[in-house]
Enquirer: 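Sharing a structure here in structure tokens format.
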Amino acid sequence: MPELPEVEVVRRGLDRWASGRTIAAAEVLHPRAVRRHPAGPLDFAARLTGRRLGPARRRGKYLWLPVGDAADTDTADDGFALLAHLGMSGQLLIQPPGTPDERHLRIRVAFEDADGGELRFVDQRTFGGLSLHPGDTAAEGLPDVIAHIARDPLDPAFDEAVFHAALRRRRTTVKRALLDQSLISGVGNIYADEALWRARLHYERPTATLTRKQTAELVGHVRDVMNAALAEGGTSFDSLYVNVNGESGYFARALDAYGREDEPCRRCGAPMRRSPWMNRSSYYCPRCQRPPRPSAR
DNA sequence: CAGAGATCCTGCAAGC
DNA sequence: TGCTTGCAGGATCTCT
């Protein structure tokens, strides 16, 4: 269930422990993990071999590293990128030599400097995956397949006025919009509920009714929730392990809304509610977060 | 074309 | 006890 803060922690870990290293061999143990690589598992592995990884980058929940010539000592960029998405349960780990294979190990990447450990992609539910893409057409070298992903609210170039205009234009509800990665990226179900609770907005509030001020407050709360999670999770990456654990590492103690059904609202004391929503759940306070009037739209 | 809903996948928990 | 069912969820696909 990694959202932006968790992915950013992984990015930092990759940048520290994988960037700049040369790949000796790659091995795909489950084809579904590379299903977004059109040419298949063998091509994926062959194209990585002998290549050097560049600095780790991120947009929203996507991560990528430019892949270059081993001999090229500067930018490590000759036109393609290793793209990763963790899905729901994906982990990118740097494991020391001799570490037994994880049960859900999907992809192994060994480096020429084997002492530094190997990179592993472990993913129980296989919603995540790795792939290789041409891409440095854009100034930032954004892989083409994620060109539709919007900037995230921690990105200095995130444009709040543009986001607000998009919300006003849409005929949808606010939580759907928060989860729409083409409008704002990096927000998942958990932090959407957290930010809406802080902003005292009901998840079914039509986006077209939001004022400029409400949008600003909502974005501010999204940013706060992410920064708080980052401050907490960012402290745990300082080891040989690049690790995201959907359960324990999830900053659970900081959650005010998600998973708190029947527990008292931390603001007003009313019992929190859970409602089915889009094949999942929305957690909210029925007193602080009033549902929109049916006539409003 | 925009928006809503289904779908993929696995392990765990709850219920009969 | 052992089976079935439900749930979790990001991104993508399909349908209206």
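Quick note: numbers below take in every heavy atom, side chains included, and nothing from hydrogens, waters or symmetry partners.
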Enquirer: Is it the case that the ring center of A/His133 lies less than 6.0 angstrom away from the ring center of A/Phe80?
Expert: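 Centroid distance A/Phe80-A/His133: not below 6.0 Å, so no.
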Enquirer: Between A/Arg170 and B/dG3, is there a contact of a side-chain N or O with OP1 or OP2 at under 4.0 Å?
Expert: yes
Enquirer: Round to the nearest Å and state the distance from A/Arg59 atom CZ to C/dG10 atom C1'.
Expert: 18 Å
Enquirer: State which residues pass salt bridge (Lys or Arg N to Asp or Glu O under 4.0 Å) with A/Asp256; sequence neighbours excluded, sorted by chain then number.
Expert: A/Arg266
Enquirer: According to salt bridge (charged side-chain N to carboxylate O under 4.0 Å, His left out), does anything in residues 187-197 of chain A pair up with another residue at least two apart or in another chain? List the pairs.
Expert: A/Lys175-A/Asp193
Enquirer: Expressed as a whole number of angstroms, how long is the span from A/Trp277:CH2 to B/dA6:C1'?
Expert: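 Rounded to the whole Å, the gap is 14 Å.
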Enquirer: In terms of the nearest nucleotide of DNA chain B, which residue is placed more toward the 5' end: A/Asn279 or A/Arg176?
Expert: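 The residue closer to the strand's 5' end, by nearest nucleotide, is A/Arg176.
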Enquirer: Find the distance A/Leu179:CG to B/dG5:P and express it as a whole number of Å.
Expert: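 In whole Å, B/dG5 P and A/Leu179 CG are 14 Å from each other.
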Enquirer: I'd like to compare against my own output: the B/S/- annotation of nucleotides 8-13 of chain B with a strict under-4.0 Å heavy-atom distance to protein.
Expert: BBBS--
Enquirer: In whole angstrom, give the distance that lies between atom CE of A/Met278 and atom P of C/dC7.
Expert: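 After rounding, the reported distance stands at 16 Å.
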Enquirer: Can you pull the side chain to side chain donor-acceptor pair (under 3.5 Å) pairs that have at least one residue in residues 28-39 of chain A, sequence neighbours excluded?
Expert: A/Arg32-A/Thr126, A/His37-A/Asp43
Enquirer: Would you kindly give the CD-to-C1' distance between A/Glu3 and C/dA8, to the nearest whole Å?
Expert: 13 Å
Enquirer: Round to the nearest Å and state the distance from A/Ile146 atom CD1 to C/dA11 atom P.
Expert: 11 Å
Enquirer: If the condition is side chain to side chain donor-acceptor pair (under 3.5 Å), which residues does A/Arg120 pass it with, not counting sequence neighbours?
Expert: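 Only A/Glu102, A/Glu118 meet the side chain to side chain donor-acceptor pair (under 3.5 Å) criterion with A/Arg120.
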Enquirer: Using the side chain to side chain donor-acceptor pair (under 3.5 Å) criterion, which residues pair with A/Asp101? Sequence neighbours excluded.
Expert: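 Expected list: A/Arg108.
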Enquirer: Starting the side chain at C-beta, find the nucleotide from C/dG10, B/dA4, C/dA8 nearest to A/Thr172.
Expert: B/dA4
Enquirer: Kindly point out which of B/dG3, C/dA8, C/dA11 is positioned nearest to the side chain of A/Arg171?
Expert: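 Nearest to the side chain of A/Arg171 among the choices is B/dG3.
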Enquirer: When Ile, Leu, Val, Met, Phe, Trp and Tyr are grouped by side-chain heavy atoms lying under 4.5 Å apart, directly or through other members, which residues fall in the same group as A/Met272?
Expert: A/Trp197
Enquirer: Does anything in residues 202-215 of chain A form a salt bridge (charged side-chain N to carboxylate O under 4.0 Å, His left out)? List the pairs, not counting sequence neighbours.
Expert: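 The answer is none; no pair qualifies.
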Enquirer: For the helix from B/dA2-C/dT16 to B/dC16-C/dG2, figure out the bend between the end axes, five pairs an end, and round to 10 degrees.
Expert: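 Taking five pairs per end, the axes differ by 60°.
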Enquirer: If the threshold is 4.0 Å, N to carboxylate O, is there a salt bridge linking A/Asp159 and A/Arg151?
Expert: no
Enquirer: Tell me which pairs pass salt bridge (charged side-chain N to carboxylate O under 4.0 Å, His left out) where either residue lies in residues 274-289 of chain A, with sequence neighbours left out.
Expert: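 Every pair satisfying salt bridge (charged side-chain N to carboxylate O under 4.0 Å, His left out) with a residue in residues 274-289 of chain A: A/Glu261-A/Arg274.
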Enquirer: Using a cut-off of 4.0 Å on non-hydrogen atoms, how would the nucleic acid contact of A/Arg274 be classed: base, sugar-phosphate, or nothing?
Expert: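 The residue A/Arg274 makes sugar-phosphate contact but no base contact.
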Enquirer: Of all residues at least two apart in sequence or in a different chain, which pass the side-chain contact (heavy atoms from CB on, under 4.5 Å) check with A/Pro264?
Expert: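 side-chain contact (heavy atoms from CB on, under 4.5 Å) list for A/Pro264, sorted by chain: A/Arg260.
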Enquirer: In residues 160-168 of chain A, which ones come under 4.0 Å of DNA chain C, going by heavy atoms?
Expert: none
Enquirer: Are A/Arg273 and A/Asp262 close enough for a salt bridge, meaning some N to O gap below 4.0 Å?
Expert: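 Salt bridge: no.
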Enquirer: Closest approach to the side chain of A/Tyr283, judged atom by atom: which nucleotide of C/dG10, C/dA8, C/dT12 is it?
Expert: C/dA8
Enquirer: Could you tell me how far apart A/Lys175 (NZ) and B/dA4 (C1') are, to the nearest whole angstrom?
Expert: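 Value for this atom pair: 15 Å.
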Enquirer: What is the distance from CG of A/Leu255 to P of C/dA8, rounded to the nearest Å?
Expert: 15 Å
